[in-house]
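Here is the naming used below: chain letters follow the sequence lines, and residue numbers restart at 1 for every chain.
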Amino acid sequence: MDETATNGLPRPPLEPATAPVVPERPTLDGLEGKWSALWAESGTYAFDRSADRSRVFAIDTPPPTVSGELHLGHVFSYTHTDTVARYRRMRGHEVFYPMGFDDNGLPTERRVQNYYGVLCDPGLRQDPSFVVPEKPEKHPVAISRPDFIDLCGRLVAEDEKAFEDLWRTLGLSVDWNHTYATIDTGARRASQRGFLHLLSNGHAYSTEAPTQWDVDFQSAVSQAEMEDRELPGAYHRLRFARVDGNGAVEIETTRPELLAACVALVAHPDDARYQPLFGTTVVTPLFGVAVPVLAHELADPEKGSGVAMICTFGDTTDVTWWRELSLPTRTIVGRNGRLKPVVWGDPGWESTDRTAADQAYGEIAGKTVAQARSRIVELLAAAGLMVGEAKPITHPVKFYEKGDRPLEIVSSRQWYVRTLPLRERLLERGRQLQWHPPYMVHRYEAWVEGLNSDWNISRQRYFGVPFPVWYRLNDEGEIDHDHPLVADESRLPVDPSSDVPDGFLEEQRGLPGGFVGDPDVMDTWATSSLTPQIAGHWADDPELFAKVFPMDLRPQSHEIIRTWLFSTVVRSELEHGSLPWAAAAISGWVLAPSGKKMSKSRGNVVTPLPLLQTHGSDGVRYWAASGRPGTDTAVDEGQMKVGRRLAIKILNASRFTLSRIAGGELPGPDAVVAPIDLAMLGDLARVVDEATAAFEGYDYARALERTEAFFWSFCDDYLELVKGRAYEDPSQAGPASARAALGLALSVLLRLLAPFVPFVTEEAWSWWHQGSIHRAPWPDVTEFPAAIVRGTVSGPEDSVLSVVAGVLGAVRRAKTTAKRSMRAPVARLTVVDDPARLALLAQAESDLRDAGGVIDLIMNSGPPDVGVELGEEDAG
RNA sequence: GGGCGCAUAGCUCAGCUGGUUAGAGCGCAGCCUUCACACGGCUGAGGUCGGGGGUUCGAGUCCCUCUGCGCCCACCA
């Protein structure tokens, strides 16, 4: 049975059917528990690493964030991937389908702090006597980073168990021998190894630079983690006096509190109004700092008065101006979001009126940005330095996507990956990737083209992967950032807060002439950008990694194209010089039943477990698989009910079909000779072709739609038409044809449906087969009767089946109109049609008589019409 | 401001390279109960495809334009 399928891979063997053993009353109840346990026990989805590389289909499964619960969106998109995985497995691929858990990062860190009542102090040494607090203390206990990470690990282990249970209930065909967590040893090793390679190849660097900073989280934030929010603000018009005494320059600003950080004014070089001012000097109001008036193209003559004040740093434009115009640094906003103390008169803080400056600044020092803003406006107004009233506006302000207060730009030391020089190569890689749906490539391209800074990968947090580097301290105790001491790869993973660099002793930590560890951890994307390497055991199992990388498929949602997909492409390009996968399948979002996006703040998040219990896993999967690739889909319990009904129908139709073919040997495909049987199988063969083509393009929804439509017509019409004939003497050609066709159709249909409704198809399959349907071969045209293989069966337009089904429909309509039972006999059926169609009808005349209860059948040539005369029902 | 996507029966959506009277499911209405399935079956009534223009023998299906919705990006003066 080891045939080669059209994709060049050996087909899995199709076990011959066994004598059917069908339960009296089939039920969906308990199928999830029964089959998920059996699949686990028999390793149905275990990856065979001895498989040839060409057979491997590897999936870069998205690791869900473990903080909190899985929601229906997860069920939705993971089902999509699972249908593809199951299809690939049946087509002869050895599917590498791991599962990860994203437990690295801020959300986990916050939960641990609250759950255990602890705070991480990276300055502390690991305490060997540390015990897990039973209850959170009133005041948080400070603990070392290794102990903190240990607690994080404990907490997420519980979540991960719950996740795995849900995934098994849903029927994901994941290989549970291949799991990882983004904070586990393997992930830390891979992250640190990847980082060291970036460092040694010159792709990573650290520098002190203006950094987007969340003042609450006290951490840097990368471009990808930022979002705009519309916030009310106001334009304040301020007057800067010219030092030559020739009047004043008026500027407009939404951030008057940064006046003390002003380092220049700027206008567009072509702006005639300000050209005479370029090169002159003005003085800041209140603080009396002399600043130049400069020209730069980014200044917009249309905005405000056409002149902007450049502060260090109000926004990213300020950073650009500061860099390109080589301006001095005069920062006043601290990392805590409050205004830092400043001594006017010190170098860099020269003022024409030191006393006034001190007095004004004293009013705002120590205040938050928002508080300082109101106060400074009062001071300006009181001093008559504001022109007119503030003009309220609404404008976009940058936030950390998880943050509550606007980002500030502070100066700090960070690690960066050089992505800006890669733009062209990354665009090329984007074009090489197969996108499903194809238009999703635009999101990637827009992002790459819009990159305006290198990728900041360091975060000032604790629960994350530490940078595997230390720094020497000179004799004055100053840190030498330019010559990091790196860990040897064989030692990874290391934690520089507790591990010691080679050649040093723990006693030298923090002392002049000694060393300090890098205090930061990596951005969560710096780790998750390596999911193919982590899942494939790049750092510790090169043989496995060679089998699975580059992977075949990255499934993910569209909103993280700019983060996860992008960063994975970057890392793969820099580490391996290749794409990380051949294709990316982008799923849409699940919307609340109202059609709105689900979010915790809206309180419309739908949890999956009750739905799985109510509609069954197959029912929920059916709903999920009906959602087109890349399309946002609303939660629809109606669709789940339909899915459940389909599952029940599969059980009953299988049972019924098996009752017809039971008893005696099932004839092979070439026993199918009756025209109507061949017509049905011809239709089915086309469905196989369509479903296969759809799956090849990752269009699982289309595959399901075609298969399901056929299945219902199979039940409604074909089964009704042949159920009588199939019961007749099996040694006769007619009954043998029906039985062979029924057996083949059921086998093919169950296999076509298996990726979508794995539980019910496995159940029905088990009634007449050994082994799992999920390791059976995907249906193939070679299984069909030779007549169909050669394509001699006509299309659905004029098939025996379609003509007969049409007449059967007319008979049913007549019975319904007459309010009679479907079992009512038809005394006389008169079919008028053209001779060709009548000839087709004649080929299935006895099946039609059986199914319709037809006594007399008259066929006349003429304009199409069906006349039905109902008879009296037998008393008996 | 730029880009992408979507607008087809009451609802959720199919309709692939343009071709006979536009499809499905849900919902709705009616009918049929024990011989696969009431966790059911059968039948039916509902759209002229967001508006306008164009190409074509022919357009829901291609082009232009307008409108509405959603998303992504953009230098917050």
Enumerate the residue pairs fulfilling ring pair (Phe, Tyr, Trp, His ring centres under 6.0 Å) with a member in residues 621-642 of chain A, sequence neighbours excluded, ordered by first and then second residue. A:Phe76-A:Trp623

Provide the distance between the two C1' atoms, one in B:U67 and one in B:G50, to the nearest whole Å. 8 Å

Just jot down the ring pair (Phe, Tyr, Trp, His ring centres under 6.0 Å) partners of A:Phe695, sequence neighbours excluded, or say none. A:Tyr87, A:Phe756, A:Trp778

Roughly how far apart, to the nearest Å, are B:C66 and B:G2 at atom P? 12 Å

What is the separation between atom NZ on A:Lys815 and atom P on B:C31, rounded to the nearest whole Å? 18 Å

Should the pair A:Arg686-A:Asp683 be classified as a salt bridge under the 4.0 Å nitrogen-to-oxygen rule? yes

Using the C1' atom on both, measure B:G5 against B:G47 and round to a whole Å. 24 Å

Looking only at the side chains, is there a donor atom on one of A:His296 and A:Glu324 sitting less than 3.5 Å from an acceptor on the other? yes

Heavy atoms under 4.0 Å, any strand shown: does A:Ala701 hit a base, just sugar-phosphate, or nothing? nothing

Roughly how many Å is it from NZ in A:Lys303 to P in B:A74, rounded to a whole number? 14 Å

For B:A36, does the base pair up with any side-chain atom of A:Glu720 as donor and acceptor (N or O, under 3.5 Å, distance only)? yes

In whole angstroms, how far is the P atom of B:C6 from the CH2 atom of A:Trp589? 16 Å

Can you name the side chain to side chain contact (heavy atoms under 4.5 Å, CB included) partners of A:Val369, sequence neighbours left out? A:Arg255, A:Glu257, A:Val333, A:Leu339, A:Arg373, A:Glu408

So which nucleotide from B:C4, B:C76, B:C32 ends up closest to the side chain of A:Lys819? B:C32

How should the glycosidic conformation of B:G18 be described, syn or anti, under the criterion that syn lies within 90° of 0? anti

Send over the distance from A:Leu658 CG to B:C37 C1', rounded to a whole Å. 14 Å

Quick one: is B:C73 close enough that its OP1 or OP2 comes under 4.0 Å of any side-chain N or O from A:Arg562? yes

In whole Å, measure the gap between the C1' atoms of B:C32 and B:A9 for me. 27 Å

Base, sugar-phosphate, or nothing for A:Thr320, non-hydrogen atoms under 4.0 angstrom? nothing

Tell me: CG of A:Leu298 to C1' of B:A74, nearest whole Å? 12 Å

Side-chain donor-acceptor distances from residues 441-448 of chain A under 3.5 Å, at least two apart:
from	atom 1	to	atom 2	distance (Å)
A:Arg443	NH1	A:His558	ND1	3.4
A:Tyr444	OH	A:Leu426	O	2.7
A:Trp447	NE1	A:Arg562	O	3.2

Looking for any heavy atom pair under 4.0 Å, which part of the strands does A:Ile560 touch: base, sugar-phosphate only, or nothing? nothing

Any residue meeting side chain to side chain contact (heavy atoms under 4.5 Å, CB included) with A:Asp865, in chain and number order, not counting sequence neighbours: A:Val832

Pairwise P distance, B:U12 and B:A7 [rounded to whole Å]: 12 Å

Taking atom C1' of B:C6 as reference, at what distance in whole Å does atom CG of A:Leu591 sit? 12 Å

Mind checking side-chain hydrogen bond (donor to acceptor under 3.5 Å, both in side chains) for A:Arg330 and listing every partner two or more places apart, or none if nothing turns up? none

Using modelled atom types only, decide if a donor and an acceptor are shared between the side chain of A:Arg660 and the backbone of A:Lys723 within a distance under 3.5 Å. yes

Please produce a list of atom pairs where a protein N or O lies less than 3.5 Å from an N or O of nucleotides 39-42 of chain B.
from	atom 1	to	atom 2	distance (Å)
B:C42	OP1	A:Asp716	OD1	2.5
B:C42	OP1	A:Asp716	OD2	2.9

Please enumerate all residues that pass side-chain hydrogen bond (donor to acceptor under 3.5 Å, both in side chains) together with A:His615, with sequence neighbours excluded. A:Glu637

When you compare B:U61 with B:A22, how far apart are their P atoms, in angstrom units rounded to a whole number? 15 Å

Tell me: CZ of A:Arg443 to P of B:G2, nearest whole Å? 18 Å

Looking at A:Asp716 and A:Arg812, is any side-chain nitrogen of the basic one under 4.0 Å from a carboxylate oxygen of the acidic one? no

Heavy atoms from C-beta onward define the side chain here; which of B:C32, B:C73, B:C75 lies closest to that of A:Lys398? B:C75

Starting from the 5' end of RNA chain B, give me the residue, A:Ser659 or A:Val266, whose nearest nucleotide shows up first. A:Ser659

Find the distance A:Tyr718:OH to B:A36:P and express it as a whole number of Å. 17 Å

When you compare B:C6 with B:C63, how far apart are their P atoms, in angstrom units rounded to a whole number? 12 Å

Candidates B:C4, B:A36, B:C75 - which lies nearest the side chain of A:Tyr439: B:C4

For A:Thr254, the side chain to side chain contact (heavy atoms under 4.5 Å, CB included) test, sequence neighbours excluded, returns A:Tyr235, A:Ile393, A:His395

Give one of base, sugar-phosphate or nothing for A:Val397, where a contact means two heavy atoms less than 4.0 Å apart. base

Under 3.5 Å between N/O atoms: give me all the protein pairs with nucleotides 10-18 of chain B, atom names plus distance.
from	atom 1	to	atom 2	distance (Å)
B:A14	O2'	A:Glu705	OE1	3.1
B:A14	O2'	A:Glu705	OE2	2.8
B:C16	O2	A:Arg702	NH2	3.3

Using atom P of each nucleotide, how far apart are B:U55 and B:U17 to the nearest Å? 22 Å

Counting only Watson-Crick and G-U wobble pairs with both atom distances below 3.5 Å, the stems of 3 or more consecutive pairs that include RNA chain B are B:1-7 with B:67-73, B:10-13 with B:23-26, B:28-32 with B:40-44, B:50-54 with B:62-66

Contact class for A:Asp318 (heavy atom, under 4.0 Å): base, sugar-phosphate, or nothing? nothing

A:Ile310 and side-chain contact (heavy atoms from CB on, under 4.5 Å): which partner among A:Val266, A:Leu258, A:Ile251? A:Val266

Residues two or more places apart in sequence or in another chain: which of them pass side-chain hydrogen bond (donor to acceptor under 3.5 Å, both in side chains) with A:Arg813? none

